[in-house]
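The figures that follow rest on heavy atoms only: side chains count, while hydrogens, waters and symmetry mates do not. Each chain gets a letter, A, B and so on, in the order its sequence line appears, and its residues count up from 1.
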Amino acid sequence: MTRADPRPHWIVLGRDDGDTLWASLDATGATIATDRVRSADLIARIAHEESLGSVRWVWSDTPAWYPSLLAAGVRIARCHDLRLTHAILRDSELVSAGHPVRAARAWDAAGVDGTDAAPALFDLPSGADALPGDLDSALAEFARQRDALDTASDPGRLRLLTAAESAGALIACELRAAGLPWNAVEHDRILTGMLGERPAHGGLPAAIVAKATEVRDALGDPQASLDSQPKLLRALHRVGVNVESTSRWELRRHEHPVVVPLIEYKRMMRLLTANGWSWLAEWVDDDRFRPVYVPAGVVTGRWASSGGGALQIPRQLRAAVRADPGWKLIVADVAQLEPRVLAAMSSDTALADAARGADLYGAIAEHGKLEGREKAKLALLGAMYGATSGESGRLVPQLRRTYPRAMKLVDDAARIGEDGGVVSTWLGRTSPPPSRAWRDVQSGATDDAASAADTDLARRVGRDRGRFTRNFVVQGTAAEWALAWMAELRNRLAAMPVVAPERAARASGPVFARQAHLAFYLHDEVVVHAPAEHADAAADAIVEAAASAGRLLFGGFPVDFRLDVHIADSAEKA
DNA sequence: GGGCCAGGCGCG
DNA sequence: AAAGCGCGCCTGGCCC
């Protein structure tokens with residue numbers, strides 16, 4: 001390379017016949033150079049460019065490119081994920097109405113599923129649903145996206161969002177590569193303790209069998225089927241337990257001797273079927289749980305997961321999450337993230353004041369003259385979710401008087417949704433427009449021939465949508481805050497020292513084995529796995545990253561994002 | 001034997 | 001007391 005060669009600002013990658021086509025772009029997006037890289041050389045080439053610093057990788061879909069790099073020990077600092085960015089820009093209110101990025105339908109296709117299996121040559125329906133993987137398509141879409149950002153009504157926010165989204169895409173792959181340290185022996189101990197010894201040849205463990213017998217005795221029917229809802233319902237009716245469903249909350253209201261053992265039986269069966277020995281065998285390998293995280297898998301921008309139920313690990317099993325020897329887990333969750341986000345985005349200083357102390361709900365109870373923090377919590381959740389009835393619904397008006405700005409923000413979002421409009425998060429992620437079916441129901445209600453049932457239906461689905469948009473702005477902005485938090489934390493952890501090879505957390509993969517790293521993420525909570533001597537510094541990084549995320553999104557607005565942080569050998573709550 | 005739905009329940 | 005947001009996954013029961 002000669003001295004005159006400028007460093008590329010972006011490098012766009014595309015696949016071509018098993019090779020990779022490579023385009024170096026300057027900061028204006030002009031192409032400086034193109035190259036063809038053979039697949040055998042690709043990882044080394046990327047590693048080399050990355051080591052020179054400050055390059056942003058532009059690719060179709062992070063899970064299609066990044067896992068093989070991570071497996072080879074290459075971590076990259078920054079990327080631009082075309083698929084995720086497309087989805088944001090396509091729907092965003094901040095992008096001009098007729099912008100060509102909205103019409104680039106090929107980029108609406110689903111990406112790869114995030115498992116690092118070989119490309120799905122066999123199960124991909126020929127041509128359908130495939131994201132464009134070639135360089136020309138990537139360059140064209142990247143140009144459209146840059147233009148959409150440049151011409152957006154608030155480029156700063158949207159750039160922040162798309163950068164955070166792409167960082168999230170990297171993090172999702174990295175979380176899977178590092179895995180969540182999971183102790184199978186401890187998991188087995190918990191299962192055995194709650195369910196009884198695992199039977200050698202199928203069948204139910206002893207404690208469940210005993211519990212089932214208890215339930216059948218109480219039902220006076222040794223043959224009663226406990227796993228079929230309709231049959232169980234009939235059996236309950238026969239002994240005079242007149243419930244409409246077999247759900248726990250309804251059962252609980254009855255005194256009959258069947259109730260307690262039945263609830264216990266359901267709880268045991270749930271643990272067995274959802275997170276029992278077969279889950280352990282299928283999902284935990286080499287002391288790690290490696291779920292597939294799906295960034296923006298939820299319309300609000302929250303992440304979803306696919307396989308392994310990563311978003312539903314029951315609290316009962318938290319003790320099975322255990323640091324490697326000589327390492328620690330740092331578990332951190334944000335206390336009441338959504339109310340804090342609502343305070344900031346509505347500039348409601350009164351609500352922000354309540355969030356300043358250690359007990360947000362307690363402060364709301366005091367300010368809002370509500371009796372006790374439980375009522376305050378109910379009222380606030382009701383306001384954000386759109387409760388209309390029950391105790392929660394009754395408490396909302398009181399809150400509206402105390403925090404008019406915050407409540408106006410969510411009430412406005414609900415009204416717009418009911419009217420068929422769209423709403424946006426703080427950084428510009430916009431809710432999907434109403435479906436065709438929804439609009440048909442609304443227009444059917446204004447028809448001359450509309451029946452009372454038509455208007456009732458229209459009102460009901462209208463309110464349903466209002467509750468969705470009401471919550472969208474808060475849940476979606478909270479997800480943005482969390483992305484910013486994680487992206488910042490990722491950078492801080494990457495700057496931490498490495499430990500000696502003999503201290504490595506071997507199963508965490510080549511990139512993360514010797515350094516503090518993110519191991520789990522769930523909406524408002526992170527778990528970091530760190531060498532014991534770096535645990536305090538990692539905990540500090542988590543706290544500093546949260547403060548930094550708050551400033552990045554909300555500037556100087558005075559709202560605290562308080563964290564609960566624990567350093568321990570297991571993720572069990574103290 | 002696979003696809004789809006409802007009920008139920010785990011998580012935030 | 002059981003309304004009021006967003007998910008994924010398991011089961012039984014139904015369909016083809």
Lys/Arg-Asp/Glu bridge criterion (N-O < 4.0 Å) met for A:Glu374, A:Lys377: no

Sub-6.0 Å ring centroid separation between A:Trp426 and A:Phe554: yes

Sugar-phosphate, base or nothing in reach of A:Leu378, heavy atoms under 4.0 Å: base

Dot-bracket notation for DNA chain C, counting Watson-Crick and G-U pairs under 3.5 Å, with | for partners on another strand: ....||||||||||||

Selection residues 226-236 of chain A - residue pairs positive for salt bridge (charged side-chain N to carboxylate O under 4.0 Å, His left out), sequence neighbours left out: none

Sugar-phosphate only, base, or nothing, as touched by A:Gly308 at under 4.0 Å among non-hydrogen atoms: sugar-phosphate

Nearest-nucleotide comparison on DNA chain C, the residue closer to the 5′ end among A:Arg252 and A:Asp464: A:Arg252

With the criterion being N/O to N/O and under 3.5 Å, what pairs connect the protein with nucleotides 2-7 of chain B, and how long is each?
residue	atom	partner	partner atom	Å
B:dG7	O3'	A:Gln229	NE2	3.0

A:Glu165 and A:Arg429 ion-paired at < 4.0 Å: yes

Positions of residues 389-401 of chain A (non-hydrogen atom under 4.0 Å from DNA chain C), listed by number: A:Ser389, A:Ser392

Ring center gap for A:Trp279 and A:His187 short of 6.0 angstrom: yes

A:Trp277-A:Trp283 aromatic ring centre distance below 6.0 Å: no

salt_bridge(A:Glu418, A:Arg459) N-O dist < 4.0 Å: no

Between A:Glu197 and A:Thr192: side-chain donor-acceptor atoms closer than 3.5 Å: no

Start and end of the DNA chain C segment that chain A contacts, any atom under 4.0 Å from a heavy atom: C:dA2 to C:dG13

From CA spacing to verdict: salt bridge (charged side-chain N to carboxylate O under 4.0 Å, His left out), A:Arg322, A:Asp287: CA-CA 9 Å; A:Arg322 297 197 80 89; A:Asp287 300 319; over 6 Å; no

Upstream residue (5' side of DNA chain C) when A:Ala310 and A:Ser225 are each assigned their closest nucleotide: A:Ala310

Pairwise N/O distances under 3.5 Å, protein to nucleotides 10-12 of chain B:
residue	atom	partner	partner atom	Å
B:dG10	OP1	A:Arg248	NH1	3.3
B:dG10	OP2	A:Arg248	NH1	2.8
B:dG10	OP2	A:Arg248	NH2	2.3
B:dG10	O4'	A:Arg270	NE	3.3
B:dG10	O4'	A:Arg270	NH2	2.9
B:dC11	OP1	A:Arg315	N	3.0
B:dC11	O4'	A:Leu311	O	3.3
B:dG12	OP1	A:Arg315	NH2	2.9
B:dG12	O3'	A:Asp524	OD1	2.7
B:dG12	O3'	A:Asp524	OD2	2.7
B:dG12	N2	A:Arg302	NH1	3.2
B:dG12	N3	A:Arg302	NH1	3.2

Minimum heavy-atom distance A:Ser392-A:Ala387, with the two atoms named: OG-CB, 3.5 Å

Between A:Thr430 and A:Asp91, a side-chain donor and acceptor under 3.5 Å: no

Parallel, tilted or perpendicular: rings of A:Phe289 and A:Trp182 (30°, 60°): perpendicular

Whole-Å C1' distance, B:dG12 and C:dG4: 15 Å

Salt-bridge contact A:Asp464-A:Arg467 (side-chain N to carboxylate O under 4.0 Å): yes

Minimum-distance pair of heavy atoms, taken over all atoms of A:Thr469 and A:Ala414: OG1-CA, 3.8 Å

Polar side chain donor-acceptor pair, A:Asp108 to A:His86, under 3.5 angstrom: yes

